[in-house]
Amino acid sequence: MCVTLSSMTKTVIDSAAPAGADRTEATGPAVALRAGFIGAGFMTTVHSRAARAARAELAGVASSSSGSAERAALELGLARSYSSVDALLADDAIDIIHVCTPNTTHARFALAALDAGKHVVCEKPLATSVVDAAALVRRAEATGLTATVPFVYRFHPMVREARARVQAGETGRVLTINGGYLQDWLAEPHADDWRVDADLGGPSRAFADIGSHLVDLLEFITADRIVRLNATTRTVYGNRSNNHDIATEDLVALVVEMRGGAVGTLLISQVAPGRKNSLVLEIAGTEQSIRFDQERPDELWLGRRVGSQHILRDPAELAPDAARLSTVPSGHPMGYQDAFNAFVADSYADAAANSLAASTGVESGCSPEGLPTFADGLRAVRVTAAVLESAASGAWVEVLS
Ligand code: SOE
């Protein structure tokens, strides 16, 4: 059986850790990795905070221009900026690269980073075509490097708790799934962003950006897969302040069928007034329902014919995998950045173990529990392609595993 990340990592890493290295953290390696960042936007801020929390050395950043890289290095406290992505990747001192650029560049940069021998954390979507995403999965496997995609909502302790309960059979046979991911930051006609432009964001916007999180969470918690879906999309605002003739979708409604027999409805929108980041997933089984709401991440609702209850995050009472990610005591709210930090810490622990395996020939034999890899990134790209195909044809589409 695979031991948990923290014990596995500590067993593997402790032999290489410098004297006095902090060994009490719940997650992350005891040795400092050197991290480089491609991109200078909002996600680089989030990634770099998480890298700092995982004790990384923040080695530097490359962006679309030297000026933006210099600004990002200054603002985020990174050691230096690089004049180009090639220069960043050529730096032998860097162990791990975070790809935080517009979507259509992800595959190219992730591949170049792997080819340069770096571990990679690549923003979603991993690629904007199934062919490119599949090639990345093959390349990552061939190199033995860590290659992860930030499906970070998996790292909320109460998501792990829901997963443990569903997979232990507490909900019974899963019958229905009711999920939504609603935002409003594009709800006004003039609101604009590079993501709406297919040349930068890829052919899917709302689904690739946030629907992919919802589907990842659904499949992660249930350990089941969508096998068929029927989707409808709408582009509500075809012309925004800068972008015109917009082809990417503002919203998606879909019906899904799971391999295990459950059926579900999912609603994804970036034009839902008042909804900031409302990711809600409710799973109903023969015995019990379970509901997770990302804006109330320290709670779970357990629905029963008699005796429904809200349970609160309390490490003393959680499943081991949920308790491991519970880095502050009960009653002290955890949130998005905590989940992101845990994802990066686990990615780094995996990278440190893989580097050690490469240099000593001793395989750790297991990866952190629930770490979203490039294979999960490929899965999201496949589901996204099926959504677009169904929306275009109006027909049910089979989703390949
Ligand atoms: C913007 O829609 C965004 O930042 C997404 O890109 C993230 O994946 C999501 O976690 C929050 O919203």
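We count ligands from 1, going down the list as the structure has it; atoms in each ligand are counted the same way.
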Check your understanding: Considering only protein heavy atoms, which is closest to atom 2 (O) of ligand 1, and at what distance to one decimal place?
Key ->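 Protein heavy atom with the smallest distance to atom 2 (O) of ligand 1: D209 OD2, 2.5 Å.
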Check your understanding: Any idea which protein heavy atom is nearest atom 4 (O) of ligand 1, and the distance to it?
Key ->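 Result for atom 4 (O) of ligand 1: F42 CE2, 4.1 Å.
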Exercise for review: Specify side chain, backbone, both or neither for Y181, according to which of its non-hydrogen atoms lie closer than 4.0 Å to ligand 1.
Suggested key: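 The answer is the side chain of Y181.
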Review point. Does H47 have its ring centroid less than 6.0 Å away from the ring centroid of Y348?
Key: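 Not under 6.0 Å, so no.
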At a 4.0 Å threshold, what atoms of ligand 1 neighbour a non-hydrogen atom of [X]?
X	value
H213	7 (C), 8 (O), 9 (C), 10 (O)
N277	11 (C)
Y153	9 (C), 10 (O), 11 (C)

Exercise for review: Taking the side chain as every heavy atom from C-beta outward, state whether T44 and L76 have any pair of such atoms under 4.5 Å apart.
Suggested key: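 Yes, side chains in contact.
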Review point. Between the candidates M43, K124, R205, which shows the shortest non-hydrogen contact distance to atom 7 (C) of ligand 1?
Key: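 Nearest option to atom 7 (C) of ligand 1, by heavy atoms: K124.
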Exercise for review: Give the single entry among Q270, Q183, K276 that approaches atom 3 (C) of ligand 1 most closely by any heavy atom.
Suggested key: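 Among Q270, Q183, K276, the closest heavy atom to atom 3 (C) of ligand 1 comes from Q183.
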Atom [atom1] of [X] with >12 non-hydrogen neighbours under 6.0 angstrom:
X	atom1	answer
R225	CZ	yes
R305	CZ	no
R165	CZ	yes

Exercise for review: Examine distances only and state if a side-chain atom of D224 and a backbone atom of G260 form a donor-acceptor pair shorter than 3.5 Å.
Suggested key: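 Checking the backbone N and O of G260 against the side chain of D224, a donor-acceptor pair under 3.5 Å is found.
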